[in-house]
Amino acid sequence: MGDMSDVLKQFSAPEIWIQMEYLLRIVIASGLGLIIGSERKNRNKSAGIRTHAIVALGSALIMVVSKYGFKDIPDYDAARVAAQVVSGIGFLGAGVIFIRNNLVSGLTTAAGLWATGGVGLAMGAGMYVVAIAATILIMLVQFIMHKIAYFADVASGGLLRITLVKREGIVQYMEEILMKERLTVVSVKINKTKKDEVKLEFDVVFPPGYQKSLLLSKLVEMDEVLAVSE
C-alpha cells in the first residue's frame, strides 16, 4: 500500500506541479531541438527537424530521470545515467557521416546532433538560460558559417572524364595542367579506345570555392582535348 500511495501522491499537489515543471523542461528542449533541426533541414541535410527534436527531448528526459528519478536511493550518483548520453549520441552521428569522392561529409550535422544532446541535458537539469543561450549560439554559428564565403566554401571531390589525342607523355602533361589549377589528383584511370585517342578519368579534389565551369571551358579550348565532362 505504501508504494501505491507514493504513486497517487505524484498526481496531487504539490508533487504534480513538480512533475509538470519537469515536463515543461522536456517540451522546451524539444522546441530548441526543433529550431536547430530546422536550419539543417533548410540545407537539405539528412538529419533534420525530427531527429534534432527527438535527440533534445530524449536527452532532457534522461537528464530528468537521472537527476530526480533515484531520490530514494542513498548516495546515488545523479550524473551516471546522464553521462551516457554524451557517448551514446555518437551512434547517431556516425549514421550521418559518410565519405564520397575521398571527402568526408556530414561532420557538421553530426556535431550539431551532439551539441543538441547537450542542450537537452542542460534543459533537463533546469538550466533554462544555458540551454536557450546554447541554442542561439549553435544557430548563429551555423548561419554565420554559411553566410561568409571563407567559412562556407569547402573542398569538394569529383571525377573529370577527358578524351585526349594520343601522344607520348599526354597523361603526365594533363596531370600537370590539373595541378597548376590547384586540383589534387587522387587517382587516374586510363582507357584506350581507338588508336589515335585515349580516355582519362581523374579522381580529383577541388579547392574551396573553385569554379569548375571555368576549368571545363579552359580544357575544351586545348588542342589535345577532344571531349571533357564532369
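The figures that follow rest on heavy atoms only: side chains count, while hydrogens, waters and symmetry mates do not.
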task: Taking Ser38 for its side chain and Ile35 for its backbone only, find out whether a donor-acceptor pair lies under 3.5 Å.
output: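 Between the backbone of Ile35 and the side chain of Ser38 there is a qualifying donor-acceptor contact (under 3.5 Å).
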query: Between Lys67 and Ala125, is there a donor-acceptor pair closer than 3.5 Å when you use the side chain of the first and the backbone of the second?
result: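 Confirmed, Lys67 side chain pairs with Ala125 backbone.
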Hey, could you give me the [atom1]/[atom2] distance between [X] and [Y], rounded to the nearest 0.5 Å?
| X | Y | atom1 | atom2 | result |
| --- | --- | --- | --- | --- |
| Ile162 | Lys199 | CD1 | NZ | 12.5 Å |
| Glu221 | Leu219 | CD | CG | 9.5 Å |
| Ile26 | Met123 | CD1 | CE | 10.0 Å |
| Thr135 | Leu140 | OG1 | CG | 11.0 Å |
| Leu160 | Leu216 | CG | CG | 6.5 Å |
| Leu61 | Ile54 | CG | CD1 | 12.5 Å |

- prompt: Crowded around Met139 CE? As in, over 12 foreign heavy atoms under 6.0 Å?
  reply: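 Counting neighbours around CE of Met139, more than 12 heavy atoms of other residues, nucleotides or ligands fall under 6.0 Å, so yes.
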- request: For a side chain to side chain contact (heavy atoms under 4.5 Å, CB included) with His52, tell me which candidate from Leu57, Leu34, Ile36, Val119 qualifies.
  value: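 Output: one option passes, namely Ile36.
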Side-chain heavy atoms under 4.5 angstrom apart, residues restricted to Ile, Leu, Val, Met, Phe, Trp, Tyr: same cluster for [X] and [Y]?
| X | Y | result |
| --- | --- | --- |
| Val65 | Val55 | yes |
| Ile136 | Met127 | no |
| Leu164 | Ile190 | yes |
| Leu200 | Leu178 | yes |
| Met174 | Val220 | yes |

Taking all non-hydrogen atoms of both residues, which atom of [X] and which atom of [Y] are closest, and how far apart?
| X | Y | value |
| --- | --- | --- |
| Ala122 | Val130 | CB-CG1, 4.3 Å |
| Gly120 | Ala29 | CA-CB, 4.3 Å |
| Ala56 | Thr116 | CB-CG2, 3.7 Å |
| Ala115 | Ile138 | CB-CD1, 3.6 Å |

query: Side-chain contact, heavy-atom cut-off 4.5 Å: Val165 with Ile170?
result: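 Contact flag for Val165/Ile170 side chains = no.
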- request: May I ask you to test the Met222-Ile177 pair for a side-chain heavy-atom distance under 4.5 Å?
  value: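 Answer yes - side chains close enough.
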message: What verdict does the side chain to side chain contact (heavy atoms under 4.5 Å, CB included) test give for Arg25 and Met63, after you've listed the backbone C-alpha separation in whole Å, the side-chain angles of each residue and the deciding distance to 0.1 Å?
response: CA-CA 10 Å; Arg25 296 182 189 182; Met63 182 52 129; over 6 Å; no
message: For Glu224 and Arg167: C-alpha separation, side-chain torsions, deciding distance, then whether side chain to side chain contact (heavy atoms under 4.5 Å, CB included) applies.
response: CA-CA 9 Å; Glu224 297 90 349; Arg167 66 172 174 81; 3.8 Å; yes
